[in-house]
Number of protein chains: 2
Amino acid sequence: MNPARRCSALLNQLCVSSRGGPTARRPFSPAERSSSAGPRYSGVGGRGVGVKGTCPQGKLSGASIAGAALVCPMGGSSSSSSSSSSSSSRLFGTLSQSLNSSPLAQPDLYAEESPDQDLAEVDPDQLLRECEDVLQRRPARPHRDLVYPSGTAPCHHKHNPSIRIMQWNILAQALGEGKDGFIRCPLEALNWQERKYLILEEILTYRPDILCLQEVDHYYDTFQPIMASLGYHGSFLAKPWSPCLDVEQNNGPDGCALFFRRSRFSLQATAHLRLSAMMLPTNQVAIVQTLHCRVTGQRLCVAVTHLKARSGWERLRSAQGADLLQSLRSITSRGGGQSEAPSAVLPLVVCGDFNAEPSEDVYRRFSSSPLGLDSAYKLLSSDRQTEPAYTTWKIRPSGESCSTLDYIWYTHDALSVDCLLDIPTEEQIGPGRLPSYHYPSDHLSLLCDVSFRDEPHRLM
Amino acid sequence: MNPARRCSALLNQLCVSSRGGPTARRPFSPAERSSSAGPRYSGVGGRGVGVKGTCPQGKLSGASIAGAALVCPMGGSSSSSSSSSSSSSRLFGTLSQSLNSSPLAQPDLYAEESPDQDLAEVDPDQLLRECEDVLQRRPARPHRDLVYPSGTAPCHHKHNPSIRIMQWNILAQALGEGKDGFIRCPLEALNWQERKYLILEEILTYRPDILCLQEVDHYYDTFQPIMASLGYHGSFLAKPWSPCLDVEQNNGPDGCALFFRRSRFSLQATAHLRLSAMMLPTNQVAIVQTLHCRVTGQRLCVAVTHLKARSGWERLRSAQGADLLQSLRSITSRGGGQSEAPSAVLPLVVCGDFNAEPSEDVYRRFSSSPLGLDSAYKLLSSDRQTEPAYTTWKIRPSGESCSTLDYIWYTHDALSVDCLLDIPTEEQIGPGRLPSYHYPSDHLSLLCDVSFRDEPHRLM
DNA sequence: CCTCTCAAG
DNA sequence: CCTTGAGAG
């Protein structure tokens, strides 16, 4: 590439610098739920510090779905097992090996038709420690604060505990290794046998109640069994045609996955959508589920999607967004499959990699839809109106690309955002950008706690 | 191309339909200037109707730069010569032949250093009739109304006559024939020997005082001599590297051209700019000229530009726009080369093919710059806030593309828009879109009359 | 289905 | 300099 062309490519991908980053940062505050943040965070205690725990191999029952009250795994909050075992993760290794013998043979129906398959419940602390073991040669992951935006009156309390939501494009293994061309990321850092622990570590650190993933090409052999063992219900929808399929030694198509904690929610309805644009089907999909909260009795509609990538496709994204909004309107007004008073608002959370900056039409569509959605991460900014400066930041042969593409939308009249996980700084991300030895994906995970604004019993 | 891919390509290029088109339409009203609209307009009288005039071959002096008063060529306003001579245009043919012997040898300096070379002044009505002759086998061009937006108090009067401004990307001949791939346009319609008459007909129909063109690859052999003979001063700036140069039998690089009527204005200063982005020079250019109005004594700064095309280059366009605004600020605050009270506002008009929809960053930059610019064509909409639905509409192998990319920006505190030429409807444009047998370019011409808000003598 | 690389004009 | 089309993965 000649200098001029390279310059153009770089210019084309310049990072938006006009938006201010988040300013108000608070440390983790003691909430109902401890997030077990400690061992692998730089600045809070690196790996190998505070060695205390041992590494039991038995399967522990960490959470129960029998009781209605939210049970949060809180054991060993600031302890770490670290160097007790270095070579491989025994528990996780056993789990994966036992379950990946028929990776593609396990239909989603199986998971959805066996609502009480919590026979092999695993202790998440245990599993997190195993991740730390496997990853001990990796650099410590930078710490991310949970930020409680100022001026919000928290709605959560013991009868209305907040719901933790995570949104993350985890980077399809086939794409990361095979064709995405992250030239500044060592191939070694993309090796699946380690990267999967990095992803799992992130999930286990924050233990969301609802987990929305994109670019999942290891659902049946990895995430479904592991998440099921941790007490989650999972659902997966592959893209009709995935670019992963062009990579040699691929693991099947990538797609969206939606998990929820079965101790907190029960499933009322699922819709697997193929997004359309101008009446024609596209290659993008969405999962929409209506959940019933076992604690409050409230219902909640959750959706996950991954829109068409790249510039030049703004109109298609906008049409796909319109189609999704239309489906969501239909689902939430139907009352999630229940025949009920149509006036009852069904609160909605939509997580996704929209592949669109906030300036794009599809963002405007979501902001201004009759569903009354707002984007949670705006609350991280000092003016509470500005999206983060980036949710993905990568270096490709064509140049550096720093942009805000991922969002958590929520019904602002029905839900309140209690806190958000902050965005790593440029320094924390490092000069090679994403992915890297400490960030397994080219996208950052987004996470927030929301709670119902209205207590259902007060409305009755 | 398989159906699915074709569908995606089409979706990608969908026409924005949310913006309302212009609603208020008025017929041409008798102004100071007759635009000679008549013969070749469908719906107003087709070609061959109302044959009256003869076709004198001598060179007539239509306008004089000696007197300060605006002299508008008005002879034979609704007459047409039509079928008096069918094969070729004598006057125009003579002109072109005499002047295109050394097409590339004529430097711009020549035109700019000989301010009184009006020896060969040509009657525009005469020339228009010759165009009509050559084009008589072409379908009649659809009529376009001059629209006087409601609610505007016109500022023009006999001591402050309005200034007619035309903005047009005329489509480089080398690109239209060679590589732009307008698959629905017959190659025959793109033949330069006829297309140049179609372009000239459009210019002669409206007779702007200021003419801003992009994609001019026939400046020295065609537009410079013809426009000079009509009493215009011209300036041309080629792109540093033009894609025309890759076409066999090209006529040199394309670039921007700026013409002004010498009876109305004199030239005070010219800047030929190569646009930069992030301190680095790009392949895009602009011409900026400071003019002195012979009627009102007011000065006016005029700029023409053509920004980087295609999606994926939004950031580069924005940077180029920022660079142009910076240069314009410097030029207008310097007072156009004159040392004067810096508080005096130098009114500004910026015409260009910005290759950017109104939703793009570069549009926002221009709207909100400290120069106080507004986009003239918004006044065509009923809410006076909305750009036209399209200024270009073409069908390429990759799909149909209908978008608003061209703008006339003006200093809203110093200038008032009296009227605008409306935008042809979808039906007028026809199913093959642009270009076509009646539209020589893939872009529509934009035209408006502006006048100074303040009489200069009232300020003194 | 999609995207990158390459070569041609 | 920049775009387009072919071909690979």
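In what follows, every chain begins at residue 1, and chains take the letters A, B, ... in the order their sequences are listed.
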Please identify each residue that fulfils salt bridge (Lys or Arg N to Asp or Glu O under 4.0 Å) with R365(A), with sequence neighbours left out. none
Judged by modelled atom types alone, do D217(A) and Q173(A) share a side-chain donor-acceptor pair under 3.5 Å? no
Just how far, in rounded Å, is P of dC1(D) from CG of N283(B)? 8 Å
Distance check needed: dC2(C) C1' versus R317(A) CZ, whole Å only. 14 Å
Please state how far atom CG in N355(A) lies from atom C1' in dT3(C), giving the value in whole angstrom units. 14 Å
To the nearest angstrom, how far is W313(B) atom CH2 from dC2(D) atom P? 7 Å
Please produce a list of atom pairs where a protein N or O lies less than 3.5 Å from an N or O of nucleotides 4-7 of chain C.
unit_1: dC4(C); atom_1: OP1; unit_2: R310(A); atom_2: NH1; d: 2.8
unit_1: dC4(C); atom_1: OP2; unit_2: R310(A); atom_2: NH1; d: 2.6
unit_1: dC4(C); atom_1: OP2; unit_2: R310(A); atom_2: NH2; d: 3.2

Counterpart residues, salt bridge (Lys or Arg N to Asp or Glu O under 4.0 Å), relative to R364(A) (two or more places apart): D361(A)
By side-chain contact (heavy atoms from CB on, under 4.5 Å) - contacts of Q193(A) (at least two apart): N191(A), K196(A)
In this structure, how many angstroms lie between the C1' atom of dA8(C) and the CG atom of L245(B), rounded? 15 Å
Atom CG of L316(A) and atom P of dT3(C) are separated, to the nearest Å, by 11 Å
My understanding is that only residues two or more places apart in sequence, or in another chain, count here; which of them pass salt bridge (Lys or Arg N to Asp or Glu O under 4.0 Å) with D442(B)? K394(B)
Take the protein atom CD of Q320(A) and the nucleotide atom P of dC1(C), then report the distance between them rounded to whole Å. 14 Å
For K308(B), which residues count as a salt bridge (Lys or Arg N to Asp or Glu O under 4.0 Å) partner, sequence neighbours excluded? none
Nearest to the K308(B) side chain among dC1(D), dC2(C), dT3(D), which nucleotide is it? dT3(D)
From CG of D246(A) over to C1' of dC2(C), roughly how many Å is that when rounded to an integer? 7 Å
